[in-house]
Amino acid sequence: MQKILNYINGEWIDPVVSEYVEVINPATGAVIAQTPLSHASDVEAAAKAAALALPAWRRTPANERVQYLFKLRELLKANNDEIARTITNECGKTFEEAKAEMVRAIENVEVACGIPMMSKGEIAEDIAPGIDELMIRQPVGVCATIAPFNFPGMIVFWYLPYALATGNTFIVKPSEKVPMTMQLIFKLIDQIGLPKGVINMVNGAKEAVDAILDHPVIRAITFVGSSGVAKYIYSRASANGKRVQAQGGAKNPVVVLPDADMEMAVKIIADSAFGCAGQRCLAVSWAVTVGEARNLFNEAICDAAASRSVGYGLDNGIQMGAVISSASKSRIEQLIGLGASEGASVPVDGRGTVIKGYEGGSFVRPTILMDMQPGSEIWKTEIFGPVLGLMHVNTIDEAIALANSQAFGNQASLFTSSGSAARKFRYEVEAGNIGINIGVAAPMAFFPFSGWKESFYGDNHGQGMDAVEFFTQKKVVVERWPKEWTRKF
Ligand code: NAD
């Protein structure tokens, strides 16, 4: 069983703790590692190391800082398969999904390599005779990120490369459920030769998080996870005067119009709803058919759900892996029951799934909740599992109103061949990410990543220029250099 360590001031540290969380391979049920639940004193050590490293790191020119990212990119690429295998083993998704996750992580490193250009300031000459005004960007200071379980490799990279390249020092708190991927990635980070203390990692759960939220030296915090915790993180960290962005949960709708390419819609919507076993913040969670689309869509999506191959993500031909834990499996199964008790039928039912050879695993086959009722608890609640609710309305206006009446606003998708319907949808829907004939509208690293409404608390988002904004503070300088002074030379 692997021992999970912290990484502080360039050293691997075994924290002195009495409590551990078991890391379980969700497909086999085997215990594969133990996460130490670090104390506030471990966060203190990381914050101290990051603070000591800050003055020299922020004075290192940006074009030198990004040289470390170029090296990291090469190492991430060279070790991609091993990282992906680790993701599959601790998180449950398939090997292909894990590899795709790391493509996204690497893409963020590549974009952040452009930070010398992305973070340069502005100047306006002669705002009055002999007076110039400059805006320069400076690092915020010591920053930290708190990650969820569902993308053990990617999500930290929405932030890490941008924070480092803009001159901040950094602390990572991975999810205690999936610490092994970051452990491996930090072994690579250890090889790129960063000055000690520039990047640190503390493993743990609530105590470590609360210590990060309260630590006076930590100036900015990013969080990705469920909405309840996101709200808590945002409130507590901002009350402590920190810059904070907190990405929360989701319940993403997809609207299917009768003029959609139905074969394409069914395939893409099934991939979105059941890919990564539905444990994606951009997974489609409920589909609304409009008018005639119901007859064309419903039967085909049930077939697609029922025919998905489910199993251990490292085995060949597996399209969907396990959910993260037995507790999660029970929660998802209970929510399917709730949907049924609120009037939905369950034509494809993944409850009670057992996979031969992996009887100890936590599997839930794809599930369809037909005729989910608007306003019902199941319609409001994030399931975070491979469950797709189906609903029906008569017009696109009704579909948009239904989508907008939800508390979350992470993503909304539309399947249509009509440009005007697509434009209307894009214009009117209240969500941070819109997919038109796309099931998972994940922004490239050079676009901002974030939701709206209960899916996000904060201002600047992750990735790209938004991350540069988040990890820099602007300083405006007004300078007077009278012409007469120049004449002296
Ligand atoms: P989670 O909220 O349970 O945990 C996320 C992090 O918060 C972990 O590091 C955990 O240690 C910490 N944490 C948990 N409870 C805490 C508490 N009470 N106090 C302080 N810290 C606490 O989320 P999860 O189950 O790991 O991830 C799944 C959730 O993340 C889903 O809701 C999903 O929609 C969301 N998510 C959102 C996005 C997005 O971009 N909006 C992306 C991925 C996942």
Side-chain angles (χ1 to χ4, degrees), residues 250-276 278 280-308 319-320 339 343-348 366-376 378-380 382-383 385-406 408-442 451:
K251 184 87 180 175
N252 303 314
V254 57
V255 176
V256 185
L257 297 188
D259 67 0
D261 177 330
M262 223 37 88
E263 202 180 317
M264 178 179 83
V266 167
K267 185 190 173 309
I268 293 176
I269 292 170
D271 286 346
S272 174
F274 309 129
C276 296
R280 269 192 296 210
C281 68
L282 295 181
V284 160
S285 176
W286 50 291
V288 195
T289 49
V290 176
E292 278 304 297
R294 172 162 48 182
N295 301 334
L296 305 165
F297 180 76
N298 281 8
E299 201 180 320
I301 196 75
C302 287
D303 289 347
S307 62
R308 219 157 179 92
Q319 291 173 297
M320 195 183 98
S345 63
V346 196
V348 186
T367 298
I368 300 285
L369 286 176
M370 184 94 77
D371 297 326
M372 202 166 67
Q373 297 302 307
S376 60
I378 194 66
W379 174 74
K380 291 188 223 160
E382 180 177 38
I383 301 176
V387 181
L388 179 66
L390 301 185
M391 301 173 84
H392 181 71
V393 294
N394 292 317
T395 66
I396 186 171
D397 286 298
E398 286 174 73
I400 290 174
L402 201 53
N404 286 348
S405 63
Q406 273 215 327
F408 295 108
N410 216 35
Q411 176 192 270
S413 294
L414 175 72
F415 282 76
T416 183
S417 54
S418 155
S420 60
R423 185 174 192 279
K424 176 184 173 64
F425 190 83
R426 186 181 78 196
Y427 196 87
E428 293 181 12
V429 170
E430 296 162 1
N433 301 285
I434 301 291
I436 304 293
N437 298 317
I438 294 285
V440 178

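It should be emphasised that the depicted structure is a prediction, and the values quoted were computed from it without experimental measurement. The figures here come from the full heavy-atom set of this structure, side chains too, leaving out hydrogens, waters and symmetry mates.
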Greater than 12 external heavy atoms within 6.0 Å of E428's CD: yes
Under 3.5 Å donor-acceptor, [X] side chain and [Y] backbone:
{"X": "Q411", "Y": "A441", "result": "yes"}
{"X": "W286", "Y": "M391", "result": "no"}
{"X": "T289", "Y": "H392", "result": "no"}
{"X": "D371", "Y": "A344", "result": "no"}
{"X": "E398", "Y": "T395", "result": "yes"}
{"X": "N394", "Y": "G291", "result": "no"}
{"X": "T416", "Y": "S418", "result": "yes"}
{"X": "K251", "Y": "I378", "result": "yes"}
{"X": "E382", "Y": "A250", "result": "yes"}

Is [Y] close to [X] at the side-chain level, that is, under 4.5 Å between some pair of heavy atoms?
{"X": "R294", "Y": "V256", "value": "no"}
{"X": "L390", "Y": "L369", "value": "no"}
{"X": "N410", "Y": "L282", "value": "yes"}
{"X": "I396", "Y": "L257", "value": "yes"}
{"X": "F415", "Y": "V255", "value": "no"}

Check step by step if side chain to side chain contact (heavy atoms under 4.5 Å, CB included) holds for N404 and V429. CA-CA 6 Å; N404 286 348; V429 170; 4.0 Å; yes
Which atom of [X] lies closest to which atom of [Y], heavy atoms considered:
{"X": "S413", "Y": "F425", "result": "O-CZ, 3.3 Å"}
{"X": "L402", "Y": "P374", "result": "CD1-CB, 3.7 Å"}
{"X": "L414", "Y": "A421", "result": "CD2-O, 3.7 Å"}
{"X": "A287", "Y": "L388", "result": "N-CD1, 4.0 Å"}
{"X": "W379", "Y": "Q373", "result": "CB-O, 3.5 Å"}
{"X": "R280", "Y": "S272", "result": "NH2-O, 3.4 Å"}

Let me confirm one number: the [atom1]-[atom2] distance from [X] to [Y], rounded to the nearest 0.5 Å.
{"X": "D259", "Y": "L296", "atom1": "CG", "atom2": "CG", "result": "11.0 Å"}
{"X": "Y427", "Y": "I434", "atom1": "OH", "atom2": "CD1", "result": "13.5 Å"}
{"X": "I301", "Y": "M262", "atom1": "CD1", "atom2": "CE", "result": "11.0 Å"}

Under the criterion side chain to side chain contact (heavy atoms under 4.5 Å, CB included), I'd like the reasoning laid out for V346 against M370: C-alpha separation, chi angles, the key distance, then a yes or no. CA-CA 6 Å; V346 196; M370 184 94 77; over 6 Å; no
Evaluation steps, side chain to side chain contact (heavy atoms under 4.5 Å, CB included), between N437 and M264: CA-CA 8 Å; N437 298 317; M264 178 179 83; 3.8 Å; yes
Could you verify whether a donor N or O on one side chain and an acceptor N or O on the other, from N252 and S285, lie under 3.5 Å apart? no
Apply salt bridge (charged side-chain N to carboxylate O under 4.0 Å, His left out) to residues R308 and D271 and explain how you reach the verdict. CA-CA 10 Å; R308 219 157 179 92; D271 286 346; 2.9 Å; yes
Where do F297 and I269 land on the side chain to side chain contact (heavy atoms under 4.5 Å, CB included) test, with the steps shown first? CA-CA 10 Å; F297 180 76; I269 292 170; 3.7 Å; yes
